[in-house]
Every structure is written in C-alpha cells, then in structure tokens.
Engineer: 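There's a structure below that I have some questions on.
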Amino acid sequence: MYADIIIDITHEKLDKVFQYIVPEELKELLEVGMEVVVPFGRGNHETRGYVVGFSGKADYEADRMKEILRVEEKSIAIESKLVKLAAWMKESYGGTMIQSLKTVLPIKRKEQEAKKRTIRCILSEEEGKRKLEYYLGKNQKARARLLAALLDDGELDYGLVTKKLHVTASVIRALEEQGVLKVESERIFRNPFIEKSDKKNDFEYTKGQKDAIETFTEDYDEGRYRTYLVHGITGSGKTEVYMEMIAHVVAQGRQAIVLIPEIALTYQTVMRFYRRFGERVSILNSRMSAGERFDQMQRAKMGEIDVMIGPRSALFTTFPDLGLIVIDEEHEGTYKSEQTPRYHARETAVKRAELEHASVVLGSATPSLESYYRCEKKEYVLLKLTERAGSGAVLADVHIADMREELAKGNRSIFSDLLKEKIRERLDKKEQIMLFINRRGYAGFISCRSCGYVVKCPHCDVSMSVHNNGKMVCHYCGHEEKVIRKCPKCGSSHVGGFKAGTQQIESLIKKEFPTAGVLRMDMDTTRAKDGYENILSSFANGEADILIGTQMIVKGHDFPAVTLVGVLAADMSLNVGDYRSSERTFQLLTQAGGRAGRGERHGEAVIQTYSPDHYSIVNASRQDYAAFYQEEMAFRKLMGYPPAEHLLAVLMMGKDEKHLDMAADYLKEYVDRFCGEKLQVIGPATPYVSKVSDVYRKILYLKSEEYDMLVKIKNYMEKYIEINSGYKTLKIQFDFDPMSVF
Ligand code: ADP
Ligand code: ZN
Ligand code: ZN
C-alpha cells in the first residue's frame, strides 16, 4: 500500500504529491488528512506532511521509494481537518483531490500585495459636525454620508466606503483635499473608535428570538451540535439571533464563521458585527488578493480573531476550534461553486461542522426547498421568527397587475396602468422607484399574450426554449418542436418569445415620464471600471428618481427613499426551462417586495405578469412561504426533482462534435447498465448553449432517490473515463443537484 503525501500545503504547487510506502504497522491506522512524518529530500530530513490519498500501485520503482516514519500523534493541525474535508468534497462532488485541496487550503503566492487602505477622520467631533451641517445644507449627499459614517466610527476601510457606502473615489479625494480625512495605506485595518460593546441591547428579544437562542444554547451546551434553519422575514431579527449565538460560542473560546452573499454584505451589516465583536472580527471578500487572503487565514489560525465574515469561500477559514457556522440568505445560488469541485457551501458546512463538532445555523426569509425539506424530515431544526422585530420593517403592499387584461383593454405598452399611476404618484412626492425585469440567463420562452399559455415540453413539464434555428427545445430531454405561430389554447396569434431589455425599458420610461431622472444598471452600463458603484452611488445620492435593472438591483441594497418597486415581467424567470424557476421567482418577488419601504415610509410593489394565478406569484404577493412550499414540493416529488430526488448532471465538452456525440452515447450506454428502480438516465441532450468558443457541449442527467447511488456511479464513470482513451480529448464535469439545468 502507498500513500500520497503533500509536504508544504501553503505552496502554490499543491500538485506536488509524493508517494511513500505505508509500513505494515500503520496500514490499519492511517487515514486521509492525518499528519505524518516522512524522510524528505537528499538528506532525508524528518519532515511533516499530510496524507491526501492512497493507492495500491506504485507510480515509480517501489524499491526506490521511502517509508512513512510515523504518525504525528498529538496533531491538532487545522490543516488535517481541512484535508479530510477536501477528501469528502472530492468524493461527493467529483474532480481530483488536487482541485479539492486548492479549494479548501489557503495558498501563499509570491506576488505584489495590494496595500490595505484606511480612511481616517482628522477633524474634531465639533468641527466634523459643523462640516456635516454644511454638506447637508449644500445637498452634497455623498460627502455627508461619508462624513456621518466617519463621525460614527472614526476610521473606515477604503473598500468598504466605496463598495458598500456607495461613495466614489473622487468624493474621498475631495474630502482629503479639504482636510476632513486622511487616506492611509499600509496600516492594518483596525477600528480603535469602536468599543466592543458587551452591553445588553436596549430592547427585549421577541418570543421567537428568545426561543431560537435558547434552543440553540441548550443544545450547544449539552454537546448536541445540530443544524438549524432560522426562518423569518427581513427585519424579523435574524442577525441579532446569529450574533447572540456567536457570542455564546465565542465566550467558550471557540470561533465562528458567518457566510453572507457578497452582494448582501452591506455596510450596515458589517458595522453591526464590528460594534458587537470589535477587533476580533475580520472580513473576507472576493476582491482580495491571494496574499491578503492568506494573511487573514494566518490571523485566524493564530487565534487573533473569533469571527470571520465573508462569501462562500470564507467557509474554509483556518480556525483552531470552530464552534459555529452561520449561513445567512442560505437560499442564494451563489453558495454553489461553479468550478470543480462544484460544492454547495450549505452541505459542505454541515460536513465541516460534523468533522469539528460544531453547529450550523442557516437563515432566510425564503428558505431553499432543500433546507425546509430537511426540517420536515427532522434532520434540521426549524426556528421560526414570526413577529416583526424593531420598527424598521413593514411589509410592502404587493399588487398584481394582470397583463392579459391590459392587452384586452387595449394597453399594449409594457407598463400596466396601475404601475404608471403609482410611478406618477412617487415622482410627485419625490420618492424613489426601482423597476426590474426578472430576467435570467439567455433562453426565451414562448407564450401567448392573450391568455398567458406557455409552451411546455410534453415529457418534462418545463417550458420549451426558443433556439435560433426556429425550433423549440426542451433542455431536459432534448425534445424538439417547430415554433408555434398560433396559441393552441385560445387561437390568438399574439404568441412569441418575450424579449425586453433594460435599454428598451429606459427609453419607454423616458417617453412616458420625460422629466424623471433615470438610471440604468445592466451589462452595458456596468462594464466600465467602477460603473456598478457609480450608478448605485448616484442613486443613493438622489440624483435620479428611477433605477432600472435586472436582479442585481434587487439584492442587498438599502435605499430608504425607495417606496415603489415594479417588476415588469415576473414570468421571465418563471419560464426559463428550469426546475428551480418557480422557487427562484418566488424568492425574487418576495425580495422585491422587501426592497420597498425600508425607511419610515410605507412601500408598495407592483408585479406585472401574464400568469397571475401561478402559485409562486400568488404566494409571493401574500408573502406566504408555507403555501408556496407545499405546492412546489408536490411538483418536485411528482417529477422527481431535488430535493425529493437527486440529480447528477454530467457535462461533456469537446472540439470534435462527432467524437463528442459518440463519446456521450458510449457513456450513456455504460451508465445504462446500472439503470433500474434506483437510477434513471436522461439524455444525452444538447444544452441551450451547445457550443462555446468552438467547443461543443453535451449533457447527461442521472436521477436517483439516493445521493450515495449517484456518488457511486460518478466514481464508476470517473474510472471508465480514465481508462478509455476516447475521453482524453474531452472535458467532463460533474454537477450534483445543479442550480439550473443547462
Ligand atoms: P434580519 O436579520 O432578520 O433582517 P435584524 O436582526 O437585522 O433582522 O433586525 C432588524 C432591525 O431590528 C435591526 O435594526 C435590529 O437591531 C432590530 N431588532 C432586532 N431585534 C429586535 C428586538 N427584539 N427589538 C427591537 N429591535 C430589534
Ligand atoms: Zn423534455
Ligand atoms: Zn392563448
């Protein structure tokens, strides 16, 4: 027996794995992840390494190979746990061990490291307040916003100011020239002005909050490390609950990871954590260089911080004694990695917690079907926050505009009369408006504008997509039909693909409301450097009345002056030929409702749709999660989609189309032999994007009630692919329970 050992796990060339002989006495004992001592190099220096895998055959002459000396007995190495986690990820999601290790371990790279920049207020409090009055008087909103934040907190991270407070670099420069602030590089971000306040909140927790905290702490103190789902609308006090749980864990000398989707990691949220946990908090973000990231991981490892906040990859923070992982907005698609291994942060967090005896707390206003289903099956513990906490959150009134009726009335514009009326009202009152088209991906579906009928695949119950070749195609099974010209239900000829871009909407709005200030956020306007920040900054400054955009404007941004949100085509995300489209629509619409009226002012939302009776739209307008869940889960069970069953997508890519087709057919034939009650094979089908830069794509779906079954078949396929030379020129990726179908 031979073991693969990596010696220096901080090295960029993690791929350098050395094979060692496993001595007889270690054969029973050795496990992946274990820290071992081996002779290394010419001088055979005793060196530590980690076991990352085993094999039965030697990669080179066995008599020249060295033996492992011993297992590092008292190893508590953090890395050892992460190597174990990597092995689980490799097994559960496919790919190589190296790919998994690179995902999980912090890697040091030699590179010019970007300097950390900090903004510090250099005015006295009195001078600062006077200056703030002045800016407010002159209506210089960005300057006022920045100064107000500095007066609160003294010192701020540069990136935080530009990205989260929506203040541009030129504003910062102007204030620096006026002697208001100083931008300092080199210093490590510290917040000397933030006193860590252990003092109790000046409010009473709601009953829901109390129960949630109590359930968690009781379990935790008795060593029951479980997974919890906190279900509560925005403003129901979830973040307070997380912070209380974190404080409990930290008080016992353990650490916590908080995952928040980057886009939802607002300035306000970050500051709340700083205020509560002071300097013992650190933030990761995706713009950090590998070096900065590595430094953060070192700090975590040395015990300098207790709480790490960040997006998906913060899950792998090298804490010595991890006690809790919080995942906020757990339903977000960004928690699934799009690179091999295509891991889901939620599942991986549960696994990491299991390996380290830690708890997991998930939170959302619109939980994923997966998590809610696990609560039903008593695998997770459901913690409900039903009361509204504090004063900030009042649910918006949501109106549904039936676009079929508008057409019948003779209104052919893309705005319903109701939406137009509400926009006019807001413009008169000088309140802000967000309009978004619920658009995702590329696929156009075909629907009838008279009756709302949507063409669906006769085999799959998902909508057919229009391809450029004049055909409608099902992305699941490859079923094709010619594009229809007449509605099969009502006979109307108003059938076609729904296509409306943000640009088109902008010009229509300008025509309808010539005096309104309009900003547009899409691929075109955000391409320029800082384009994204500049648009949000102008909107926050009140330089425009209306912001038009896609989903990206809906998530995570707090604009207190927005009191109306319009969803122009709710059906867009409903009919994208994807089994998760109803879920995504429900989430988006619920969030859109939550966007309006976050300040003291009451908000409204108007949802325009051709399918006003669809359960995702009806239930989103009523903010009724439970009802939505019931219907959606029934659909998933009926069709055997996750989480009722599991789906494995095998994506195959190659330059030679004929060869790819053949290889795909052979692979299908190979897996067909495992077909039976427990496994179903669908395809190979051509994905909507059938070719990318001259590389053709094919996809195979495997469906089973048992995840382990799919893992087993994946392992067989990996072997089959490895030994058959026909697959050498192809790239093959596995995606378990994919976030969307191709
Ligand atoms: P969520 O994370 O669910 O959106 P938060 O924890 O951010 O909710 O709470 C929303 C607001 O209400 C915050 O300003 C918070 O400080 C405040 N808050 C939370 N719990 C209470 C409570 N029990 N009483 C009063 N205010 C509260
Ligand atoms: Zn189909
Ligand atoms: Zn029709």
Side-chain angles (χ1 to χ4, degrees), residues 113-123 125 127-129 131-132 134-136 138-194 260-279 281-289 292-293 296 309-311 519 521 526 528-543 552-553 555-561:
E113 278 177 21
K115 291 247 162 63
K116 192 103 202 148
R117 282 190 293 173
T118 305
I119 298 174
R120 197 159 57 82
C121 183
I122 52 176
L123 297 179
E125 200 177 328
E127 286 171 325
K129 281 194 179 142
K131 199 90 196 172
L132 181 60
Y134 173 79
Y135 289 148
L136 287 171
K138 291 215 129 190
N139 207 21
Q140 295 176 325
K141 292 185 182 160
R143 294 178 187 204
R145 198 159 59 245
L146 173 55
L147 183 53
L150 280 172
L151 288 174
D152 275 349
D153 296 306
E155 197 175 281
L156 297 168
D157 177 66
Y158 193 95
L160 197 67
V161 168
T162 52
K163 310 286 196 246
K164 299 293 182 198
L165 205 54
H166 308 314
V167 172
T168 57
S170 62
V171 169
I172 298 172
R173 219 172 309 122
L175 293 210
E176 188 168 26
E177 277 160 16
Q178 292 179 10
V180 172
L181 55 83
K182 236 180 126 146
V183 178
E184 296 171 340
S185 43
E186 266 172 320
R187 281 182 58 190
I188 289 195
F189 181 36
R190 279 187 308 121
N191 261 305
F193 292 87
I194 299 174
I260 299 182
E262 191 139 30
I263 198 156
L265 197 56
T266 60
Y267 172 79
Q268 287 85 354
T269 307
V270 172
M271 289 324 280
R272 277 171 76 187
F273 278 92
Y274 276 131
R275 292 204 180 96
R276 177 95 187 231
F277 299 100
E279 282 180 29
V281 174
S282 193
I283 313 274
L284 280 184
N285 66 52
S286 60
R287 289 174 308 274
M288 279 178 166
S289 69
E292 280 178 292
R293 213 186 133 75
Q296 295 276 19
I309 304 176
L519 280 168
M521 186 144 94
T526 55
K529 189 174 179 297
D530 297 332
Y532 183 74
E533 279 78 27
N534 286 336
I535 293 168
L536 291 176
S537 157
S538 331
F539 193 58
N541 294 346
E543 287 161 26
M552 58 175 148
I553 65 170
K555 300 194 176 178
H557 300 290
D558 270 326
F559 297 111

Engineer: Working to the nearest 0.5 Å, report the span between NZ of K182 and CD1 of I119.
Structural biologist: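 So the NZ of K182 and the CD1 of I119 are separated by 13.5 Å.
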Engineer: Ignoring hydrogens and geometry, is there a side-chain-to-backbone donor-acceptor pair from E176 to V183 under 3.5 Å?
Structural biologist: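 Yes; at least one donor-acceptor contact below 3.5 Å.
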Engineer: Taking all heavy atoms of L519 and all of I535, pick out the closest pair and write down the distance.
Structural biologist: CD1-O, 3.7 Å
Engineer: Any idea which heavy atoms bring L132 and L147 closest together, and the distance?
Structural biologist: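 Minimum heavy-atom contact is N-CD2, 3.5 Å.
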Engineer: At what distance, to the nearest 0.5 angstrom, does CG of L175 lie from CD of Q140?
Structural biologist: 9.0 Å
Engineer: Looking only at heavy atoms, what is the nearest atom pair of V171 and A142, with distance?
Structural biologist: CG2-CB, 4.1 Å
Engineer: Could you tell me the separation between the CG atom of L156 and the OG1 atom of T118, rounded to the nearest 0.5 Å?
Structural biologist: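 Atom-to-atom, L156:CG and T118:OG1 are 9.0 Å apart.
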Engineer: Hey, are the side chains of Y135 and L146 touching, using non-hydrogen atoms and a 4.5 Å cut-off?
Structural biologist: no
Engineer: What distance do Y134 atom OH and Q178 atom CD have between them, rounded to the nearest 0.5 Å?
Structural biologist: 7.0 Å
Engineer: For the side chain of R145 and the backbone of H166, is there at least one donor-acceptor N/O pair under 3.5 Å apart?
Structural biologist: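 Side chain of R145 to backbone of H166, a donor-acceptor pair under 3.5 Å: yes, one is there.
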Engineer: Can you confirm whether I283 sits close enough to F273 that some side-chain heavy atom of one is under 4.5 Å from a side-chain heavy atom of the other?
Structural biologist: no
Engineer: Under the side-chain contact (heavy atoms from CB on, under 4.5 Å) test against I309, which residue among L284, V281, N285, T269 passes?
Structural biologist: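 So the option named by the test is V281.
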Engineer: Give me the atom names and distance for the closest heavy-atom approach of G179 to L123.
Structural biologist: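 Smallest interatomic distance, heavy atoms only, reads O-CD2, 3.5 Å.
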Engineer: Are any non-hydrogen side-chain atoms of V270 and D157 less than 4.5 angstrom apart?
Structural biologist: no
Engineer: Should E177 and R173 count as an ion pair when the cut-off is N to O under 4.0 Å?
Structural biologist: no
Engineer: Minimum heavy-atom separation for L165 and A149, please, with both atom names.
Structural biologist: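 Reported closest heavy-atom pair: CD2-CB, 3.7 Å.
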Engineer: Rounded at 0.5 Å granularity, tell me how far CG in L150 sits from NZ in K131.
Structural biologist: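 Reported value, rounded in 0.5 Å steps: 13.5 Å.
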Engineer: Looking only at heavy atoms, which two atoms of S537 and T168 are closest? And how far apart?
Structural biologist: OG-CG2, 3.9 Å
